[in-house]
Amino acid sequence: MARTLIRGGLVVTAAEETHADVLVDGERVAAIAAPDVAEAWVPGADRVIDATGMYVIPGGVDAHTHMEMPFGGTVASDTFETGTRAAAFGGTTTIVDFAIQQVGGTLRAGLDAWHAKAEGNCAVDYAFHMILADVNDAVLKEMDQLVGEGVTSFKMFMAYPGVLYSDDGRILRAMQQAADNGALPMMHAENGIAIDVLIEQALAAGRTDPRVHGEVRKALLEAEATHRAIQLARVAGSPLYVVHVSAAEAVAELTAARDLGLNVFGETCPQYLFLSTDDLARPGFEGAKYVCSTPLRPVEHQAALWRGLRSDDLSVVSTDHCPFCFAGQKDLGRDDFSKIPNGLPGVENRMDLLHQAVVDGHISRRRWIELACATPARMFGLHPRKGTIAPGADADLVVYDPAAQQTVSAATHHMNVDYSAYEGRQLTGRARTVLSRGTVVVDDGQYTGRAGHGAYLKRDTCQYLV
Ligand SMILES: [Zn+2]
């Protein structure tokens, strides 16, 4: 087994910041030791990585991605190969993607289809959530089987009537099943029935440009759905994880639920922290680059999101990475905002944007790691393999240069999409060397990994439930 020693860095986890050396043996972390003790390991190491002046952090865990996802007549532009390679460049070494049940189809068929897309193609490790698009008796039974196979979280949509939408009865039944089998229900919380009325009215009034997407998907309709999802989970006795929270009013619903001691968790994404309706309102058709759901909000909402991240009313930052090219895909909605494919690229940018939040004083360094690595790993049953640096954990490690300066640009990013949502933004900090299970996959801007290195991860159930 190859031994790698990472020397001289500041090891940062959700729990500790320690000047220590990390010994990797094969695919796992073997030991962490004070530098004078680790000196004795140098002769036995096959490779020594100098991390002087660097942080040594766990590889990022992005619990919300959509590689090659079909949406609105097109398909998200990153494949599992390009998307996971871009993730690696950005210091993310685990993704949890969403397999989708077809309406009228089985969960098994949906899961098999996503395994086929991912297998042999990933640069870093991957796991799956399952999207429930058609809850019925057979599907409820299948949920139990999937939990046994390491698919332990099931997402439903209160949005997108006629496509992925589940009504309250179906949601309640799936939540009851989850209460029994230990799974974690995930919710896209927006009142899609009401939103569709507002979309129709806006289009009838001739309002077709991208900014209207943000206006019809009202914060109150996110808050209302969040509230309803929480009450349904209470009735079912299940936990609840609300994805991509963007509105201050929705954070308030989560805060109220958590103040009651409920197993209710919230996720937000970098786009809601760093972008706003000002971007959706960019002139021409430029705003289409920023169309995603939940939508970007007026800039005032950001303060509530940052506060939620500090108070743990929001516990995870994932990307909802779902890229569509500006030319040829976002274009589909040039005359009708409701036809713009929903989604933003971001899997490569998340760790750096959150490090910038550390630099800017929004969150602490350890909270950065907690939000981006440790909590998503525990939330989705990947701890202790992922999300921390500890003896026995997978050697998913990032040597992170906290002083590196970078300018984000589509010209230099590795995602398979023709624009960056953060074009021109100056960031401090960048992943220098990235290891996935002991293998260096990115080194100083060079890709040294390979498609197929990434392995499928069977997950345990959520580790936060009380
Ligand atoms: Zn999503």
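Computed from a prediction, not measured in an experiment: that's the story for all the values here. In each ligand, atom 1 is the first atom listed, and ligand 1 is the first ligand listed. All values below come from the heavy atoms of this structure, side chains included, with hydrogens, waters and symmetry mates left out.
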**OP:** Please answer whether the main-chain N or O of G169 pairs with a side-chain N or O of D167 as donor and acceptor at a distance below 3.5 Å.
**Re:** yes
For residues 110-122, run the donor-acceptor check on the side chains, cut-off 3.5 Å, and write out each pair with its distance to 0.1 Å, sequence neighbours left out.
from	atom 1	to	atom 2	distance (Å)
W114	NE1	F98	O	3.2
K117	NZ	E68	O	3.4
N121	ND2	K117	O	2.8

Checking side-chain hydrogen bond (donor to acceptor under 3.5 Å, both in side chains) for the pair S311/R258: CA distance, chi angles, key distance, verdict? CA-CA 11 Å; S311 65; R258 290 178 60 79; over 6 Å; no
Quick check: are there more than 12 heavy atoms from other residues, nucleotides or ligands sitting under 6.0 Å from CZ of R297? yes
Whether the side chain of S77 engages the backbone of N416 through a donor-acceptor N/O pair (distance < 3.5 Å, no angle test) should be reported.
yes
Listed as residue and atom, the protein N/O/S atoms under 2.8 Å from the Zn ion (ligand 1) are H64 NE2, H66 NE2, D320 OD1
Walk me through it: do D278 and Y290 pass the test side-chain hydrogen bond (donor to acceptor under 3.5 Å, both in side chains)?
CA-CA 10 Å; D278 295 347; Y290 302 92; over 6 Å; no
